[in-house]
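Just below is one structure, and these are the notes that go with it.
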Amino acid sequence: MNKLFLTLHVLVAVLAVGPVTVAASLFPRSMRNSLNGWSNEAPEARLLHRLTRVYASVSAAVPVLGIATAVAMNVTKDPWVIASLTLTAIAAGLLITRIIPDQQEALALLNEDGRRPTGGEASPAEPSTAQESTTLLKQLSMTTGIFSLLWAIVLVLMIVRPGSSTGG
């Protein structure tokens, strides 16, 4: 049973956490390009947001399978397991409370053409809206970077397993 749980845990991690991390990380650049009028990447940004939402749901199975694996292997009290679960909870919290809502807020800044709405045909967007979108996308970039770093640390903990009898 250990091998089954471990295999499913790693498989879902690779197939769900990887894509959600990549999609969330690519979203700010895509939005920035669209909002600045450099290109119409709104369809791409919308797709990245949808991928983030869908794979976030699927990736919920990763900690469930991880806990099942830890229970089966009798390592639930090992420091690397506790640290991994804590970091996973923080990453999930960032995804649910910051990344997905901020992506939705950024997408709301686009008009039907996939660009920043302007006051008129030739007038630029209001400076306050432009500044707010820039700030939002910078924060989103930072948050997705932290999210990615948390998953990288969890990956290292899963491989090295410090403090375990078979780890470093």
Mind checking the [atom1]-[atom2] spacing from [X] to [Y]? Nearest 0.5 Å is all I need.
X: Glu132; Y: Glu105; atom1: CD; atom2: CD; result: 8.5 Å
X: Met158; Y: Thr88; atom1: CE; atom2: OG1; result: 6.5 Å
X: Thr69; Y: His9; atom1: OG1; atom2: NE2; result: 6.0 Å
X: Ile100; Y: Leu140; atom1: CD1; atom2: CG; result: 11.0 Å
X: Met1; Y: Leu4; atom1: CE; atom2: CG; result: 6.0 Å
X: Leu95; Y: Ser57; atom1: CG; atom2: OG; result: 9.0 Å

**Request:** For Phe147, look at atom CZ and say whether over 12 heavy atoms of other residues, nucleotides or ligands are found less than 6.0 Å away.
**Result:** yes
**Item:** ILVMFWY cluster, Val10 and Ile67 together (side-chain gap under 4.5 Å)
**Value:** no
**Linked, directly or transitively: Val64 and Val12 (ILVMFWY side chains, under 4.5 Å)** = no
**Message:** I need the single residue from Thr144, Leu26, Thr21, Val20 that forms a side chain to side chain contact (heavy atoms under 4.5 Å, CB included) with Thr52. Which is it?
**Reply:** Val20
**Message:** Tell me the closest heavy-atom pair linking Pro63 and Ala60, and the distance in Å.
**Reply:** CD-O, 3.3 Å
**Item:** Sidechain-backbone polar pair: Ser34 side chain, Ser30 backbone, donor-acceptor under 3.5 Å
**Value:** no
